Amino acid sequence: MAAHTLKLPLTEEDVRKLKVGDNIYISGQIVTARDDAHKHALSLKEKGKPLPVDFGKLAIYHCGPIMKKNLEGKWEMVAGGPTTSSRMEIFQDIFIEKFGTRLIIGKGGMGERTTVACQKFGAVYGMFTGGAALLAANAVKQVVEVHWYDLLGMPECLWVLEVDNFGPLMIGIDSHGNNFFTENAKKTMDMKAESYKLIERALEALQ
């Protein structure tokens with residue numbers, strides 16, 4: 001599979017070149033967002049109120065980071081491993097459509113709604129290795145800004161991060177309707193079904 005080094009924000013042309021299994025490294029600005037941040041952003045959108053960031057230009061990272069202030073009073077990331085992305089499945093297709101999001105980052109994969117939206121609007125899902133919280137933190141060059149901290153708290157608020165060679169991210173959902181996770185789940189189920197048939201035949205032969 002191909003490897004790509006990409007600069008954010010991504011264009012639709014950038015995204016359409018990527019395929020399931022490709023590895024990418026990204027540089028530019030990403031924003032952390034989990035359940036509560038997705039809910040709040042969509043609520044503001046529905047009410048016609050302004051949002052503090054442009055989700056179409058930033059990669060969305062499913063992450064609840066641990067942050068601290070240094071001696072200069074500036075925020076730094078201590079650890080920033082990915083959150084299980086399936087929790088955001090009910091929101092992500094709307095984000096892709098309404099905000100023009102091009103890159104979603106997380107772990108564990110996403111489902112049919114996200115897959116359809118990625119194909120229709122030109123977006124991809126990149127899988128970051130779970131348990132690699134320090135690897136993620138090392139790629140963060142600075143905390144650009146933070147939003148909704150007082151409202152949502154440290155793990156749920158929006159942290160805008162400047163990253164350099166953040167990755168590797170494996171493309172788990174591309175913009176052509178391919179989903180690594182559902183396709184492999186189907187293959188596993190097919191293999192199980194075939195195994196059961198072989199066992200049944202062996203048992204019948206012994207009778």
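From a predicted model like this one, the values you see are computed outputs, not experimental measurements. The chain is numbered in sequence order, starting from 1.
Between Y125 and F180, the gap from one ring centroid to the other reaches at least 6.0 Å. Ring-centre distance between H38 and H62: below the 6.0 Å cut-off. A centroid separation of 6.0 Å or more is found between the aromatic rings of F95 and F91.
Between W75 and Y149, the angle of the ring planes lies from 30° to 60°, which puts this pair in the tilted group. Below 30°, between 30° and 60°, or above 60°: for F128 and F166 the angle between ring planes is below 30°, a parallel geometry.
Within the 4.5 Å cutoff, side-chain heavy atoms of T114 are placed close to those of E89. In this structure, the side chains of I26 and L169 come closer than 4.5 Å at one or more pairs of heavy atoms. Under the 4.5 Å side-chain criterion, counting only non-hydrogen atoms from C-beta, S175 is not in contact with Q119. Residues W159 and M154 are in side-chain contact: their nearest non-hydrogen atoms beyond the backbone lie under 4.5 Å apart. At least one side-chain heavy atom of L18 sits less than 4.5 Å from a side-chain heavy atom of H4. Counting only heavy atoms from C-beta outward, the side chains of R102 and P9 never approach each other to under 4.5 Å. Two residues are said to be in side-chain contact when any heavy atoms from C-beta on lie closer than 4.5 Å; R87 and R34 meet this criterion. Residues D36 and L152 have side chains in contact (heavy-atom distance under 4.5 Å, counting atoms from C-beta outward).
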I would like to know whether I60 and Q92 meet side-chain contact (heavy atoms from CB on, under 4.5 Å); could you show each step before the answer? CA-CA 10 Å; I60 294 178; Q92 213 64 83; 4.1 Å; yes

Step-by-step side-chain contact (heavy atoms from CB on, under 4.5 Å) determination, T115 to M110: CA-CA 7 Å; T115 303; M110 302 195 79; over 6 Å; no

Could you go through H40 and L151, starting from their C-alpha distance and side-chain angles, then the distance that decides it, and tell me whether this counts as side-chain contact (heavy atoms from CB on, under 4.5 Å)? CA-CA 10 Å; H40 190 57; L151 178 66; 3.4 Å; yes

Walk me through whether V160 and V143 qualify under side-chain contact (heavy atoms from CB on, under 4.5 Å). CA-CA 6 Å; V160 180; V143 176; over 6 Å; no

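Atoms CD1 and CG, on I30 and L58 in that order, are 9.0 Å from each other to the nearest 0.5 Å. Considering NZ of K17 and CD1 of I24, their distance stands at 13.5 Å, rounded to 0.5 Å. Rounded to the nearest 0.5 Å, atoms CG (L10) and CZ (R16) are 12.5 Å apart. To the nearest 0.5 Å, atom CZ of residue R113 and atom CD of residue E97 are 10.5 Å apart. Summarising the geometry, atom NZ belonging to K39 is positioned 6.5 Å from atom CD1 belonging to I90; distances are rounded to the nearest 0.5 Å. How far SG of C63 is from CE of M77: 5.0 Å, rounded to the nearest 0.5 Å.
T32 contributes no side-chain N or O that, together with a main-chain N or O of L158, makes up a donor-acceptor pair within less than 3.5 Å. In this structure, the side chain of D14 engages the main chain of T11 through a donor-acceptor pair within 3.5 Å. Side chain of S85 to main chain of G108: no donor-acceptor pair is present (N/O by atom type, distance under 3.5 Å, no hydrogens or angles). Looking only at distances, a side-chain donor or acceptor of D174 sits under 3.5 Å from a matching main-chain atom of V20.
Residues P65 and P155 share a closest heavy-atom pair of CD-O, 4.2 Å. Across all their heavy atoms, K68 and V78 have their closest contact at CG-CG2, 3.7 Å. When every heavy atom of Y61 is checked against every heavy atom of A136, the shortest pair comes out as OH-CB, 4.0 Å. Minimum interatomic distance between N165 and S27 (heavy atoms only, all atoms of both residues): N-OG, 3.0 Å. The two residues C118 and I96 come nearest to each other via the heavy atoms SG-CD1, 4.0 Å. Nearest heavy-atom pair across M127 and F181 is SD-CE2, 3.5 Å.
Atom NZ of K141 has more than 12 heavy atoms from other residues, nucleotides or ligands within 6.0 Å.
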